[in-house]
Amino acid sequence: MSTQFSSSLTAAFRSHVCGALRAEDVGKKVTLSGWVQNWRDHGGVIFIDLRDRYGLTQVVFNPENAPAAHELAHTLRSEFVIQVDGEVVNRPEGTVNANMATGEIEVLVAQFKVLNRAETPPFSIDETSEVGENVRLQYRYLDLRRQPLQEAMVVRHRVTKIVRDYLDNHNFLEIETPVLTKSTPEGARDYLVPSRTNLGSFFALPQSPQLFKQLLMVAGFDRYFQIVKCFRDEDLRADRQPEFTQIDMELAFVDQNDIITLVEGMIALIFKKIKDFDSAPPYPRIGYYDAINKYGLDAPDIRFDMHLVDLNSVFTETNFKVFRSVLDRKGIIKGLNLKGGAKLSRREIDELLEVVKIYGAKGLAWIKVNEDGWQSPIVKFFEESEVTALGQAMAAEVGDLLLFVADKPEITNESLGRLRLHLGEKMGLIDADKLAFCWVVDFPMFAWDEQEKRHTAIHHPFTAPLDEDLEKLESDPLAVKAKAYDLVLNGVEVGGGSIRIHDAETQAKVFSLLNISDDEAQEKFGFLLDALSFGAPPHGGIAFGLDRLMMLLLQRQSIREVIAFPKTQKATCLLSGAPNTVSPRQLRDLAIKKA
RNA sequence: GGGGGCGUAGUUAAGUUGGUUAUAACGCCGGCCUGUCACGCCGGAGACCGCGAGUUCGAGUCUCGUCGCUCCCGCCA
């Protein structure tokens, strides 16, 4: 980051920024403006650390040098905004501060002005110690003065700059799409905005610019991108906010490979420039089913191994009741081998049970592989042949802890997949500094929603099926795979996209499979179907979650640490008080009655 | 919709089996100090223990409710 832009500053306030001055500037007359970070009044000489976003400079008020300024300096307090005129001088022998970038020099003040006083802040700006998050959010503008958020905003800017430059170099155009748009079915809840000029009708805030960017492809803008806010009215998580930012892209005349290669270049550039990390594309590509089989989750963390092992074949003929009944109900049995885990206490194993329970597993069977044999509550139910086969399948060695879940496939996979991550953290199997990218590809097109008794789109209803699966669309929809791809980093989905359907006929077929009637499709998406009929080029795209990307780049635990003005878990803004009630007049204009 | 954690001076925390005047550190205010940079020294103010009920002779502590923050499940095409 450049701190040397003195020539562009308004000289009246600043000749330099705080953090710019070095030993070679000694002798210069300078003007600095900033906030009082800290003051040290020695009765005689007074020191102040003056802060702006570029750094700190120690300024000195000496009664012999400038008595009037020194007198006035007694009144200075935390976060006062001041402007000082003075001379850059070397610090006396032995008082150089090696911890400060500007630690070799100080500014000897000739005169200064208090530009603004400040109330005592509710928390110290320099302090890195913890402050309750509600206080931080209420005074977010003060929290933003602190180093972690300053860094986050700077890096965030740098990332978007890298993205814009990269995409500009690749012929992309940044084009804005509407924020007041049409509510779509499927997917997340929409944020709705009532229309005054069309009483009873509503706009929806976009969950993504999906439909409009496809229209831009039809319009001939063969490479589009936008760094854009998206809105989903769903409950929050540490990595989820109701409004979030996507790096959204769409390209025409490309296939999946083209897109993957192009964005790998962009991601690699970001990590190279921000973290000096060489991510070495091409990143591994993992089929969706492989990911589920080996990692239990569709966003695998490949920083460590410890794969899930499918044990159905071992127990095909088992008489162990628990496994038997699961297999009879088309469930699956899978295991994890925690190397060296036999030393875990009974209590620690019980804690692992609590982990899988969260994801619906009813139990967690275990075997300790000890020197003197297997210790386990369940082995006594196994045949000799099963014990042998199990040991082989799990590659069991003395000292291992074997863990099993038997349940419906989704539950077995997810709970063991999550347990794998839990153990990875707990047992220190994950190198926290590692960055492991992979693509997950060949997603299924549809999932069966048991509650609603219909197919739902795994990605979204505009995703194209693999060419070779086209014919299965009607005969066996659940077997159809999609031209969809997710970029996963350290087990976190940071981006996802697909090749889109570009002909109206296939699109209509997919809608009908999703149980969206012709009328409904026409009403909701008619404008897209129309557009597809006017010469839509083959196209596809991808969108990255900028906030999650920032979390990973900066190794922050919460998305709120990379967003300037985040919402609380109840989706409120503690700073502004949004959402709030509105006047009867406003409601009357919108013909809205309070419930 | 559900499960867990937290809520005590401005801030961060301590507070025993329920028991006199609720501790501390930092910050704040006043005084002293001419080389500090987590400046130092002396003194001081500052809390209806989130809010409301209940149990009790007595509640920061126990019970119930409620509000807020947070983590997770559901949800997030």
Side-chain angles (χ1 to χ4, degrees), chain A residues 37-50 56-65 70 74 77-79 89 91-100 102-103 106 108 119-139 142 184-190 207-208 210-211 230-242 244 354-361 411 414-415 418 422 443 445-447 449 451 455-463 482 484 493 496 498 510-511 514 516 524-525 545 557-558 560 567-570 572 574:
Chain A
Q37 167 95 356
N38 189 17
W39 78 97
R40 295 175 292 281
D41 184 344
H42 287 256
V45 65
I46 297 173
F47 300 100
I48 280 184
D49 295 329
L50 195 63
L56 289 172
T57 298
Q58 174 166 284
V59 299
V60 187
F61 301 86
N62 191 314
E64 290 164 11
N65 190 65
H70 176 263
H74 281 108
R77 293 295 182 269
S78 282
E79 301 305 308
V89 298
R91 293 195 184 190
E93 191 76 29
T95 64
V96 166
N97 186 343
N99 298 321
M100 277 174 95
T102 59
E106 60 194 15
L108 187 58
E119 295 295 323
T120 303
F123 51 84
S124 165
I125 303 304
D126 62 330
E127 213 173 319
T128 46
S129 74
E130 294 304 306
V131 180
E133 196 161 12
N134 47 350
V135 180
R136 291 178 53 205
L137 288 172
Q138 187 184 344
Y139 299 95
L142 298 180
T184 55
E186 306 271 319
R189 281 186 198 89
D190 287 321
Q207 297 180 24
S208 89
Q210 182 62 35
L211 298 176
C230 301
F231 306 86
R232 291 176 194 177
D233 187 7
E234 296 293 345
D235 286 350
L236 291 82
R237 287 287 188 283
D239 63 351
R240 239 161 58 188
Q241 286 267 306
F244 59 100
E354 293 307 312
V355 173
V356 297
K357 270 188 176 172
I358 294 170
Y359 303 97
I411 288 178
E414 181 168 20
S415 61
R418 297 287 187 166
H422 176 84
F443 281 81
M445 282 281 284
F446 307 105
D449 186 324
Q451 278 186 343
H455 293 103
T456 56
I458 297 253
H459 194 62
H460 57 54
F462 318 109
T463 299
E493 181 199 328
S498 65
V510 168
F511 280 149
L514 293 170
I516 301 172
K524 305 288 185 188
F525 305 114
Q557 294 307 304
S558 160
R560 298 183 298 279
K567 303 259 187 297
T568 68
Q569 196 170 33
K570 278 233 169 75
T572 66
L574 292 181

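Numbers restart at 1 for each chain; the letters A, B, ... are given by sequence-line order, proteins then strands. Just the heavy atoms: all of them, side chains too, but no hydrogens, waters or symmetry mates, feed the values below. All values derive from a computational prediction rather than experimental measurement.
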> Is any side-chain heavy atom of A:Ile125 less than 4.5 Å from a side-chain heavy atom of A:Glu79?
Replying inline: yes
>> Under 4.0 Å, counting only non-hydrogen atoms across every strand here, what does A:Ile46 touch: a base, just sugar-phosphate, or nothing?
In response: nothing
>> Any base atoms under 4.0 Å from A:Thr572, or only sugar-phosphate, or nothing? Heavy atoms, all strands.
In response: sugar-phosphate
>> Side-chain N or O of A:Arg560 versus OP1/OP2 of B:rC71: is the shortest distance under 4.0 Å?
In response: yes
> Side-chain donor or acceptor of A:Arg232 under 3.5 Å from a matching atom on the base of B:rC75?
Replying inline: no
> Looking only at heavy atoms, what is the nearest atom pair of A:His74 and A:Arg77, with distance?
Replying inline: O-NH1, 3.0 Å
> Is there a Watson-Crick or G-U wobble partner for B:rG44 with both distances under 3.5 Å, and which nucleotide is it?
Replying inline: B:rC28
>> Test of understanding: with side-chain hydrogen bond (donor to acceptor under 3.5 Å, both in side chains), list the residues that count as partners of A:Ser208, not counting sequence neighbours.
In response: none
> Distance between the C1' atoms of B:rC42 and B:rG50, in whole angstroms?
Replying inline: 36 Å
> Which part of the nucleic acid, if any, lies within contact of A:Phe462, taking any heavy atom under 4.0 Å across all strands shown: a base, the sugar-phosphate backbone alone, or nothing?
Replying inline: nothing
>> Of the options B:rC76, B:rC72, B:rC69, whose atoms approach the side-chain atoms of A:Glu133 most closely?
In response: B:rC69
> Just how far, in rounded Å, is P of B:rC71 from CZ of A:Arg418?
Replying inline: 15 Å
>> Quick check: on RNA chain B, is the nucleotide nearest A:Leu236 upstream (toward 5') of the one nearest A:Leu574, or the reverse? Name the residue that is more 5'.
In response: A:Leu574
> Rounded to whole angstrom units, what separation is found between the CG atom of A:Asp233 and the C1' atom of B:rC75?
Replying inline: 11 Å
> Which is true for A:Ser208 with a 4.0 Å heavy-atom rule: it touches a base, it touches only sugar-phosphate, or it touches nothing?
Replying inline: base
> If we take the C1' atom in both B:rU16 and B:rC62, what is their distance in whole Å?
Replying inline: 15 Å
Give me, pair by pair, the N or O atoms of the protein and of nucleotides 2-5 of chain B that are less than 3.5 Å apart, along with how far apart they are.
none

>> For a quick check, with a 4.0 angstrom heavy-atom cut-off, what is the B/S/- contact string for nucleotides 31-44 of chain B, read 5' to 3'?
In response: --BBBBB-B-----
>> Give me the distance, rounded to whole Å, that separates B:rA45 from B:rG10 when you measure between the P atoms they each carry.
In response: 15 Å
> Sequence neighbours excluded, which residues qualify as side-chain hydrogen bond (donor to acceptor under 3.5 Å, both in side chains) partners of A:Arg136?
Replying inline: A:Asp143, A:Glu561
>> Nearest heavy atom decides the nucleotide; on that basis, is A:Asp235 or A:Gln210 closer to the 5' end of RNA chain B?
In response: A:Asp235
> Using atom C1' of each nucleotide, how far apart are B:rU63 and B:rG18 to the nearest Å?
Replying inline: 13 Å
> Once you round it to whole Å, what is the distance between C1' of B:rG74 and CZ of A:Arg237?
Replying inline: 8 Å
> Taking CD1 from A:Ile411 and C1' from B:rC73, how many angstroms apart are they, rounded to a whole number?
Replying inline: 12 Å
>> Measuring only the P atom in each nucleotide, how far is B:rU61 from B:rG3? A whole number of Å is fine.
In response: 23 Å
> When we call it a touch if two heavy atoms are under 4.0 Å apart, what does A:Arg136 touch: a base, just sugar-phosphate, or nothing?
Replying inline: nothing
>> The criterion is side-chain hydrogen bond (donor to acceptor under 3.5 Å, both in side chains); which residues satisfy it with A:Gln58, sequence neighbours excluded?
In response: A:Arg40, A:Glu106
>> Rounding to an integer number of Å, can you tell me how far A:Phe244 CZ sits from B:rC75 C1'?
In response: 14 Å
> To the nearest Å, how far apart are A:Glu414 CD and B:rC72 C1'?
Replying inline: 12 Å
> If you measure from the C1' atom in B:rA59 to the same atom in B:rG52, how many Å do you get, rounded?
Replying inline: 14 Å
> Just how far, in rounded Å, is P of B:rC75 from CG of A:Asp239?
Replying inline: 16 Å
> Taking only residues two or more places apart in sequence, or in another chain, which ones meet A:Thr95 in a side-chain hydrogen bond (donor to acceptor under 3.5 Å, both in side chains)?
Replying inline: none
> If we take the C1' atom in both B:rG40 and B:rG58, what is their distance in whole Å?
Replying inline: 45 Å
>> Counting C-beta onward and ignoring hydrogens, is there a side-chain heavy-atom pair between A:Ser78 and A:Pro121 closer than 4.5 Å?
In response: yes
>> Quick one, A:Leu236 with A:Gln241, criterion side-chain contact (heavy atoms from CB on, under 4.5 Å). Give me CA distance, side-chain angles, the key distance, then yes/no.
In response: CA-CA 6 Å; A:Leu236 291 82; A:Gln241 286 267 306; 3.7 Å; yes
> In terms of the angle between their ring planes, are A:His42 and A:Phe47 parallel, tilted or perpendicular, with boundaries placed at 30° and 60°?
Replying inline: perpendicular
> So what does A:Leu56 touch, heavy atoms closer than 4.0 Å: a base, only the sugar-phosphate, or nothing?
Replying inline: nothing
> Mind checking the C1' distance from B:rG15 to B:rG60? Whole angstroms is fine.
Replying inline: 8 Å
